[in-house]
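We count ligands from 1, going down the list as the structure has it; atoms in each ligand are counted the same way.
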Amino acid sequence: MGFLEIKKLQNMKHIIIGGVAGGATAATRIRRIDEFAEIIILEKGKYISFANCGLPYYIGGIIEDRDDLFLQTPESFGKRFNADVRVENTVIAINTTGKTVTIRRKDGSEYIETYDKLLLSPGASPVKPPLEGIDSEGIFTLRDIPDTDRIKNYLHTHKVQKAVVVGAGFIGLEMAENLHHAGAEVSIVEMTNQVMAPVDFSIAAHVHQHLLKKGVNLYLEQTVERFEQKDGKINVCLKSGKIILSDMVLLSIGVRPETSLAKAAGLKIGETGGIWVDEFLETSAKEVYAVGDAIEFPHPLTGKPWLNYLANPANRQGRLVADNMVKGNTEKYEGAIGTAIAKVFDLTVATTGLAAKKLKQLNIPYQRSYTHSNSHAGYYPGGTQMTIKLTFDPETGKLYGAQGIGYDGVDKRIDQIALVIKSGGSVFDLMKVEHCYAPPFSSAKDPIAIAGYTASNIVTGRMPVVHWRDIQNANPGEITILDVRTEEETASGNVIPGSINIPLDELRERLNEIPANKPIYTYCAVGLRGYLTLQILTQRGYTDVKNLSGGYKTYSIAISSLLSQK
Ligand code: FAD
């Protein structure tokens, strides 16, 4: 853009509602493109540009210094970006015809500002159901700095020995870990049968196991009915009749897009309840834009609008929308597929794209595969196993999603797969991912390649598979379940009930023990020897052989989690 064009823009007045992820990012980009624009940030809280994602870690004491949560102060931000930052200024109305916003100051006085371009980045607010006793002292939600200060202060002033987290989403689990770290015995209450709604049960089952190992009490398929305050404690009363005694409660039931202002201003609200925006992130009112947690946007894989409460999309949208606000609508947003990660004690859980349960809900035909690979070369010390679950089109192999769980290197694998999914790639493209390799970092066959080879064998028909649920639902008399692990591996009794054991290395000599008139489901520890068995049997005339995807590891973790809920 030339000097004259910039001069043309110099009187442009941008108003931004919300000064954290989306809002602050948009403001800085606007300033970088247009040195002369007037930028006003209106933030109802006392702080801008703070690290919401770091709040659980400050509460748990992992981030020690509160100041580290602030990336900028209103003053430093205002000075560096020549922006008029007004904290404790709440926008209470928008008039899209007159192009004005009405603002309420902390002292209750109100004033009006005009705008040329308006951006809404008001975020989301925590869900707080109208349960009896929910407003009792010691029950918290976590969204911002004042919430954080309240929780931290409560932990200091009360001897919190027992804490209950209601809701096992990503933030709920991060808080469970941090409350544990702060010294509390933690119980998690979750309404569904698994933690972390975006991942499938089979992946969440690893988290269940890990939480229990860490001493966290897990109440799945349990709903809170009411809270009772008694002698400075809170009784969390479940519908089942169970009562959990606690010193504090964190509600992490979910969030809702903050749309009250938009609704009152007559802006279109979409079918999932977020502010509707077009591909330029412009709302139904001209020159009014919206980004972040408050908007809904079509999912690139389904074409259906969805709400996505993540920091990366909010930041990306903030940068992109700034270009459209300054230069006119030139930049199209492509949408987010939902790439998210959480640390749960020592475990890393990450997901991208569409999980199997979502595909099922949407009636999209899919297949899935499980692989368990070493994070780096087995002969180099310190390697750990990670599990990757892929979901994909059974005919074409087009990738729909991936979930990863493990201790090391899960993040980079899911990030790379996210890139392939966003580019419209398939399981065959995973085999082409070129990765940097040396023994401390990976293997010559990276876990992504292994996942790609395995899934491509399924798509091409080289490896028909069954899944842990198929085994659970099968009629034992109608199939042969063939365990090809060694006798040492099966000695502990950790086997699928009803299976026969013929170790892979004895298979060719013992074929006569395997009935040829029934389908055969073969399995080993993680799936590789089961695949070799399948090749031997099918090439020797067995016609209906399938391999258990992910082997005994996937089966046993999922089944034991199911059984522990009974
Ligand atoms: P926000 O960043 O929430 O900013 C909205 C701002 O608008 C708020 O400060 C609010 O006060 C202000 N506002 C609202 N209404 C008005 C009004 N009428 N007038 C003036 N100001 C107003 N995402 C991840 O991807 N990874 C993580 O690890 C992660 N961890 C998180 C942990 C916690 C505890 C929380 C709360 C969120 C976490 N998130 C995480 C989500 C992420 O922070 C959000 O997706 C992101 O901040 C959304 O950006 P936003 O600009 O839409 O909203």
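With ligand atoms numbered from 1 in the order given, ligand 1 contributes 48 (C), 49 (O) to contacts under 4.0 Å with heavy atoms of Ala314. Those atoms of ligand 1 with a heavy atom of Gly18 less than 4.0 angstrom away are 6 (C), 7 (O), 12 (C), 21 (N). Those atoms of ligand 1 with a heavy atom of Glu43 less than 4.0 angstrom away are 6 (C), 7 (O), 8 (C), 9 (O), 10 (C), 11 (O), 12 (C), 20 (C), 21 (N). Numbered from 1 in the order shown, with element, the atoms of ligand 1 that lie under 4.0 Å from a heavy atom of Asn89 read 20 (C). Taking a cut-off of under 4.0 Å to the non-hydrogen atoms of Gly292, the atoms of ligand 1 that pass are 52 (O). For ligand 1 and Leu142, the ligand atoms under 4.0 Å from any heavy atom of the residue are 34 (C), 36 (C). Within ligand 1, counting atoms from 1 as listed, the ones closer than 4.0 Å to a heavy atom of Leu310 are 23 (N), 24 (C), 25 (O), 45 (O). Those atoms of ligand 1 that come under 4.0 Å of a heavy atom in Tyr309, given as number and element, are 41 (C), 45 (O).
When only non-hydrogen protein atoms are considered, atom 34 (C) of ligand 1 lies nearest to Asn52 O, 3.5 Å. When hydrogens are left out, the protein atom nearest atom 25 (O) of ligand 1 is Ala311 N, 2.9 Å; that is the closest non-hydrogen contact. Nearest protein heavy-atom neighbour of atom 28 (O) of ligand 1: Cys53 CB, 3.7 Å.
Relative to atom 20 (C) of ligand 1, the option among Lys46, Glu88, Lys44 with the closest non-hydrogen atom is Lys44. For the residues Ile295, Asp293, Thr141, the heavy atom positioned nearest atom 45 (O) of ligand 1 is part of Asp293.
With 3.5 Å as the limit, one finds no donor-acceptor pair spanning the side chains of Asp278 and Tyr289. Side-chain contact, Glu190 with Tyr219: no donor N or O sits under 3.5 Å from an acceptor N or O.
Residue contacts with ligand 1: Thr90 is placed with no nitrogen or oxygen under 3.5 Å of a nitrogen or oxygen of the ligand (distance criterion only). The N/O atoms of Leu55, backbone and side chain alike, include none that comes under 3.5 Å of an N/O atom in ligand 1. An N or O contact shorter than 3.5 Å is missing between Gly19 and ligand 1 by distance.
Between Tyr333 and Phe280, the distance from one ring center to the other does not fall under 6.0 angstrom.
Contact between Val255 and ligand 1 is absent, with no heavy atom of the residue lying under 4.0 Å from the ligand.
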